[in-house]
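Numbered from 1 within each chain, the chains take letters A, B, ... in sequence-line order.
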There are 2 protein chains.
Amino acid sequence: MNLKELSEHLGLSQTTVSRALNDYPEVSESTRQRVKQAAAKGNYRPNMRAMSLATGKAMTIGHVIPVESSSDVVNPIFAEFVAGASRTYSQRGYELMLTIAEAKNEESIYRGIVAKRAVDGVMLHSPKRDDPRLALLDEIGLPFVVHGRVCDSNQQYNWIDMDNQAAFQQATQLLLDLGHHRIALINGQETLSFAWLRRLGYLEALHASNITEDPELMTSADLTETYGYQTTQKMLSRKSPPTAILVSSYIAALGVRRAIGQAGYRIGKDISVITHDDELSYFDNGGAVPQFTSTRSSVREAGIRAAEMLLQQIDKPSLAAQTQMVETKLTLGSSTGPCPG
Amino acid sequence: MNLKELSEHLGLSQTTVSRALNDYPEVSESTRQRVKQAAAKGNYRPNMRAMSLATGKAMTIGHVIPVESSSDVVNPIFAEFVAGASRTYSQRGYELMLTIAEAKNEESIYRGIVAKRAVDGVMLHSPKRDDPRLALLDEIGLPFVVHGRVCDSNQQYNWIDMDNQAAFQQATQLLLDLGHHRIALINGQETLSFAWLRRLGYLEALHASNITEDPELMTSADLTETYGYQTTQKMLSRKSPPTAILVSSYIAALGVRRAIGQAGYRIGKDISVITHDDELSYFDNGGAVPQFTSTRSSVREAGIRAAEMLLQQIDKPSLAAQTQMVETKLTLGSSTGPCPG
DNA sequence: AAAATTATTCAAAACGCTTCGGATATTTCA
DNA sequence: TGAAATATCCGAAGCGTTTTGAATAATTTT
């Protein structure tokens, strides 16, 4: 069923039917009703491609998520973020186009989808400290929102982020207050902004207490369970092991927990752990006393808000760049305690 | 840059330029080269919407992934599966349209995207034992491939799956051979096919050894870490706890491991654990001796193959329904051992 | 009651591509 | 050498919408 058929069936012109469906004022209320009913009855939906062609709007948002070809790791927070964003898009009649691509191909992918007129805007994932995609998208003139921030840039752009630095500064401070001095940081790839900022927060707290960081207690890699396990194992086997560990993801923290248990230590007693918790639906760190003390911030909520921000920018391109900080809570669980000895 | 501009710039008709780019034979090799070079230089890409409208092909595949509104859990295997499929689509010039939707809205979503002409086919995720979507898609006439199978159906349809039943039968048999009798099954939602089939495999092995199942050792829910933890904790606190546990996902297995450790048992000694391992990139169960004995099967590989299957069906709608069984390996790790006592 | 508004409808152009049916120039064949 | 075949190109129609510019009908104003 297309517009032509529908209008012939109604004995109206395509113009009128189209206008009735799109709530234009210049059509009488009675015919509008009649048209809408007939459309609903015939399950008519405008052909998206034809509509896009006519209006110039793709009604689609692109999410291109980078994967390092070496590791092939797909960050689980993407799924959670996308779950949030998808809801917003659906409500507003937009579709979500997903591309999972090797990081090195990203530029050509962006240029491609924009030349194809496939999207009205894109969401930028996993920003790096100095991310070339910012300039690229600005050059192309495609609206975008960054999930996170780019540290080294003086461009104006839309972003939504948590306060990584403050969160990790606070978490480190908590551990310091508990008497810990040897605090390890098991961090994500520090070429990425979020990890870099967390590192800064961590260092900020240490330095404020006149503690010099120990490079051997600071690591940076893809936040897998195995990574958390292996680095913790290594750190614990050194002559002066850490008494507390700060971990950048829940999944890595599970590996940390494994290593601690296996080494015969008790978590929260012998060794304290604080993790960041993105509130992934598969890992609810809940209960009366959560197992992990954590800095937590809902990635799904970020997805919802980021999508709204992007749609606003698309609706009103004249709008100034927006920024939004998402709330982060430091929640006490059973994985922290005073420094023993 | 559009076709008109490009052809004017070249002094050729739109027809010829279009044909040159699409490798039609009725254009001379020299002009084809000239056209292709100019197109590359001007970064010309056909407007996807216009092309779709003209050809009637959306060049897009839909993945709609259901979320139970109650739990809001997004299964992490989706991301992995999609990572595989996305690669195939890109290579073939297709895009991937993602919708995350409450399960109860799925029917209207399918009807919607098909009426909008948004996709050429869809991937069906998380099939249920008796899944109404099969009949729906058949009625609509949209090509689709199921990741998994529908147990109660005599329709012909395309699917790709692992042999859930055989895998869990084997895993159970291994535990039986190790002398275990009280074997627990921590399963996914058994309204879903995969979980149901695993249960059948588990029961098959038990019954073959003349063991009657104990309903208190069989649970079914969303496979979260917390679920694995809590049910294991409960089971271990009973008068006659299981000596072995079969878990349907790696993530739940992490919870199982936590509960076992916390109860003071040693995994692989006091209690054996076998988990299914989807080979999620964030949880590589590798090493010389993997931590978990597991039935493993690459979801990413399944995604690649499923996408290829779907594109084939779209290219040749006359093709008979295809089915494909993906390999599953039972790999020994350190989480299993002879039944103590 | 005629003129001026306003409300309602329509025909046709436009969006950017593919493709059908010719047209022209070149080659091949008898 | 003339006819037939082939190679190469082009104009225009069509895909299903939206939207411009006009036309007609109904209402209001003077």
The answer to which of B:Val17 and A:Met51 contacts DNA chain D further toward the 5' end, by nearest nucleotide, is B:Val17
Where do A:Ser86 and B:Leu98 come nearest, in terms of heavy atoms and distance? OG-O, 4.4 Å
Separation of D:dT18 atom P from A:Lys4 atom NZ, nearest Å, is 16 Å
Please give, in whole Å, the distance from D:dT17 P to A:Met59 CE? 15 Å
Could you tell me if the side chain of A:Leu12 sits less than 4.5 Å from the side chain of A:Arg34, heavy atoms only? yes
Closer than 4.0 angstrom, basic N to acidic O: yes or no for B:Asp278 and B:Arg300? no
Atom CG of B:Leu10 to atom C1' of D:dC9: distance rounded to whole Å? 14 Å
Whichever of B:Thr55 and B:Arg19 has the more 5' nearest nucleotide on DNA chain D, that residue is B:Arg19
Roughly, in whole Å, what's the span from CD in A:Glu26 to C1' in D:dT19? 10 Å
Can you tell me the distance, in whole Å, between the CD atom of B:Gln14 and the C1' atom of D:dG14? 13 Å
Hey, is B:Arg111 close enough to B:Glu139 for a salt bridge, meaning N to O under 4.0 Å? yes
Look at B:Ser13 and D:dG11 and indicate whether a side-chain polar atom (N or O) is within less than 4.0 Å of OP1 or OP2. no
Looking only at heavy atoms, the pair that brings B:Ser153 and B:Leu134 closest together is OG-CD1, 3.5 Å
Charged N to carboxylate O below 4.0 Å: is that the case for A:Arg149 and A:Asp161? yes
Bend angle of the helix from C:dA1-D:dT30 to C:dA30-D:dT1, end axes from five pairs each (to 10°): 50°
Tell me whether the centres of the aromatic rings in B:His63 and B:Tyr89 are closer together than 6.0 Å. yes
Rounded to whole Å, how long is the line connecting atom CG of B:Leu12 with atom P of D:dC9? 7 Å
Side chain of A:Asn2 only, heavy atoms from C-beta on: which candidate in D:dT17, D:dA12, D:dC9 is closest? D:dT17
Tell me what A:Thr15 touches on the nucleic acid: a base, only sugar-phosphate, or nothing, going by heavy atoms under 4.0 Å. base
Select base, sugar-phosphate, or nothing to describe what A:Thr31 touches, counting heavy atoms under 4.0 Å on all strands. sugar-phosphate
On DNA chain C, reading 5' to 3', which nucleotide is the first and which the last to sit with an atom under 4.0 Å from a heavy atom of chain B, could you check? C:dG16 to C:dG21
Pair B:Glu95 + A:Lys116: basic N to acidic O under 4.0 Å: yes
Carboxylate-amine/guanidinium contact B:Asp138 B:Arg133, below 4.0 Å: no
When the distance from CZ of A:Arg49 to P of D:dT18 is rounded to whole Å, what number comes out? 15 Å
Would the distance check show the side chain of B:Arg92 and the main-chain N or O of B:Ala307 forming a donor-acceptor pair, the cut-off being under 3.5 Å? no
Length of the CE-C1' vector between A:Met1 and D:dC15, whole Å: 18 Å
Taking for each residue the nucleotide of DNA chain C bearing the nearest heavy atom, is the 5' side occupied by A:Glu29 or by B:Pro46? A:Glu29
